[in-house]
Structures are given as C-alpha cells and as structure tokens.
Amino acid sequence: MKKNTIATLMAMKANGEKISQLTCYDYSTAKLVDAAGINTILVGDSLGMTMQGYSDTLPVTMEEMILYGRSVCRACENAFVILDMPFMSYQVSVEQAVANAGRLMKEGGGNAVKLEGGKSVCEQIKAITACGIPVCAHIGMTPQSVNAMGGFKVQGKGEENARRVLEDALAVEEAGAFMVVLECVPPKLAALITKKTNMITIGIGASAGCDGQVLVYQDMLGMSGEFVPKFVKRYANIGEEMKNAFMAYDAEVKAGTFPTAAQTYAKSDCADEFLAQLDAEYEKK
C-alpha cells in the first residue's frame, strides 16, 4: 500500500476514484484501519460521544484531541490522518485558531486539521493554511452547532438553505481548504457541490455523489447501541460478539474453568517439597 497524501488524494478525485474515511480514536483500532487500506482517518471530536459517553461533542478539549490524536498517528503507516479542532478552540479569534491548529499538528502528529463552519470561519482557514497546515472544512450539519440548529438535522433543505450550503462550500475552498465534509446534506445538493468545487468532498449522510465517505467506526461495526442514524450501514455486529465474549469469560471465571493448565506456567513452579517448607515457615496473618 502507498502512503496517502494530499497529492495522492487529489489525484484520486481527478481520476474519479472514491476515497474511504473512518473515524478512529486509539492505537489498536488505528492499526487495523490502516492495515485495511482505508485512505484517511478522522480523529473526530465525536470521541466525546463514542469514547466518553457525552450526549454531544461540546465537552471535548484540546488536550483530549491531542492525546487521542497521538495514539492514532503512532499506528498509521499509510492512512492520511485528520485531527478535529474541538468546540471553542478556533471560534474566539484567528490567532487562537492558528495556535491550536499548530498544537494539533505539533503535539498530535496529524497530517491536517478539521474545523466546522462555512463563511464564518474563512479567516481562520486562510490563516491556518498560510502557516502550511492543511485544512479540511465541515459544512451542512455541524455537530458543534447542535444547540443553534435545534438538534441533529438535515441541512440544505429548500432553495434558500441549499444556496447557503453551496456558498459555504465555495467560500471554504476560496479560503484554502483542500477537503470538505458534507454532513446530512441532500443528495442532489451534495453532487452539485462536488461538481462545483475542486475540493475533495467527503459525505456522511450526503449520498454517493461525494468523492468519498466517512462513518464513525463504532456505528458501522454495531458497537454504538440500538440507535442507528439513517446514513449508517452496519457491516458487522462486533458489539454483540464482544458482549458474548465478555459473558463467556465471566461465566468461566465464576465456574472456575478458566484458566486451565494451558494458560499457566506450571514448568516454572518450585518443587512440592520447597513449597511445603515455605508453607510451614510463613503463617497466614
């Protein structure tokens, strides 16, 4: 497998090749994702929900993104790794955005950063890219704005909203973004944005008309509980398999059938005579 870079990813778009992306948050899983040939990994602030149990992404901190990002980056030999900029790490000022993007690259070890928003964050994108840091934008349904949007809802419905999302896409491209995530955007609008922009478009709930797709890996493996977003396809039921394995282990431990001789180091044990001597020497307190 070849190393994925901005150049190879842009060439894939130019050649009409689809680009795969999955979220990931830890070393062990990243090793598997990388070995599977996934082109890009997103260390998303979705970790607030998938790894930490929050109801949204807002509590995630810069320090947490750096920690999780470092863990993933250490595992990747071929995947292009993008690190999310968490809520309020870039909204206050352009200077704050540049400093935190720099921290993610320097301390987290990623290949690019991602931030949410359209026209409102273009100055931040310009400044970050001017420092040599690649930026992936994120428009449509932006989870960090969940309160302002009144929930996780489809964006770009109706003519006025469709124009707004398209203009956001064109604006972030003009600002310097090389990639954009389109989340919960209607299919025809997503296809139009993909046609009108030279950026790589990555869809999540935005149809196959995008240049690539991203899913939260816990969702596609059946590890995220009973609720399944409309845009998710489950490729395995690993969550159920894990639960069954945990239950089997619990039952064997409690029955005394694990461990067996096969899981012990009997050959390293002392002679029975010496152990009997120790037994006699040391009284139980």
Side-chain angles (χ1 to χ4, degrees), residues 19-23 25 40 42-52 54-60 65 82-91 113-122 124-125 135-173 175 177 179-197 199-220 224-225 227-234:
I19 296 167
S20 58
Q21 184 175 114
L22 282 174
T23 66
Y25 319 99
T40 63
L42 172 63
V43 185
D45 60 358
S46 49
L47 65 87
M49 303 169 75
T50 60
M51 305 297 286
Q52 298 176 338
Y54 293 116
S55 60
D56 54 46
T57 65
L58 303 187
V60 178
M65 289 307 309
I82 303 167
L83 307 184
D84 247 340
M85 298 191 70
F87 181 59
M88 295 310 294
S89 68
Y90 57 93
Q91 290 95 335
V113 300
K114 181 174 78 65
L115 69 166
E116 296 181 7
K119 296 177 183 178
S120 63
V121 295
C122 282
Q124 287 92 325
I125 294 173
V135 171
C136 172
H138 184 157
I139 62 175
M141 202 287 286
T142 48
Q144 292 178 12
S145 302
V146 60
N147 291 313
M149 291 181 172
F152 299 101
K153 298 180 178 180
V154 174
Q155 300 296 307
K157 296 169 65 175
E159 295 177 357
E160 183 178 345
N161 289 322
R163 182 184 297 276
R164 174 181 56 81
V165 174
L166 173 60
E167 289 180 350
D168 276 341
L170 297 175
V172 296
E173 178 180 29
M179 177 184 285
V180 61
V181 172
L182 305 178
E183 183 163 0
C184 295
V185 172
K188 293 179 183 178
L189 176 58
L192 179 62
I193 292 171
T194 301
K195 174 184 175 182
K196 288 293 184 181
T197 177
M199 290 184 296
I200 297 164
T201 59
I202 301 292
I204 179 165
S207 84
C210 299
D211 296 312
Q213 301 294 321
V214 62
L215 282 178
V216 172
Y217 90 83
Q218 287 95 336
D219 288 344
M220 57 93 72
S224 54
F227 174 72
V228 181
K230 180 180 175 63
F231 53 76
V232 171
K233 177 180 177 179
R234 284 192 167 170

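One is the number of the first residue; the rest follow in order along the sequence.
Using modelled atom types, no side-chain atom of T197 and backbone atom of L170 make a donor-acceptor pair closer than 3.5 Å. Under the 3.5 Å distance criterion, the side-chain polar atoms of Q91 are matched with a main-chain donor or acceptor of M88. Checked by atom type and distance alone, the side chain of Q213 never pairs as donor or acceptor with a backbone atom of L22 at under 3.5 Å.
Remark: the Q21 side chain and the T40 side chain contain an N/O donor-acceptor pair separated by less than 3.5 Å.
Contact record, D45 with P86: OD2-CA, 4.3 Å, taken as the closest heavy-atom pair. Here the closest heavy-atom approach between residue G48 and residue V60 is recorded as CA-CG2, 3.5 Å. When all heavy atoms of G203 and A206 are compared, the closest pair comes out as CA-CB, 4.0 Å. For the residue pair G156 and P186, the shortest heavy atom distance occurs at O-CG, 3.9 Å. Among all heavy-atom pairs drawn from A190 and S207, the shortest one is CB-OG, 4.2 Å.
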Candidate pair V228 and D219, rule side-chain contact (heavy atoms from CB on, under 4.5 Å), full reasoning: CA-CA 7 Å; V228 181; D219 288 344; over 6 Å; no
Verdict with supporting geometry, E173 and V180, side-chain contact (heavy atoms from CB on, under 4.5 Å): CA-CA 8 Å; E173 178 180 29; V180 61; over 6 Å; no
Full working for side-chain contact (heavy atoms from CB on, under 4.5 Å) between I204 and M141: CA-CA 10 Å; I204 179 165; M141 202 287 286; over 6 Å; no
Criterion side-chain hydrogen bond (donor to acceptor under 3.5 Å, both in side chains) on D211 and T194, from CA distance to verdict: CA-CA 7 Å; D211 296 312; T194 301; 4.9 Å; no
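We find the NE2-CD1 distance between H138 and I202 to be 11.5 Å, quoted to the nearest 0.5 Å. Separation of atoms CG (L47) and CE (M49) is listed at 11.0 Å; rounding is to 0.5 Å. Note that OH of Y90 is 8.0 Å distant from CG of D84, once rounded to the nearest 0.5 Å. Distance check: C184 SG to I139 CD1 gives 12.5 Å after rounding to the nearest 0.5 Å. Taking CE of M220 as the start and OG1 of T23 as the end, the distance is 9.5 Å to the nearest 0.5 Å. The structure places CD1 of I193 at 8.0 Å from SG of C210, a figure rounded to the nearest 0.5 Å.
Residues Q144 and T57 meet the side-chain proximity criterion, which asks for heavy atoms closer than 4.5 Å. Within the 4.5 Å cutoff, the side chain of C136 has heavy atoms near those of the V181 side chain. The closest side-chain heavy-atom distance from T142 to M149 is below 4.5 Å. Considering only heavy atoms from C-beta on, E116 stays 4.5 Å or farther from V121 through its side chain. Side-chain contact between M51 and Q218 is present, with heavy atoms from C-beta onward closer than 4.5 Å. In this structure the side chain of K114 never reaches within 4.5 angstrom of the side chain of M179, judged on heavy atoms.
Scored by the side chain to side chain donor-acceptor pair (under 3.5 Å) test, S46 finds Y25 as partners (sequence neighbours excluded). Partners of K157 under the side chain to side chain contact (heavy atoms under 4.5 Å, CB included) rule, at least two apart in sequence or in another chain, are V154.
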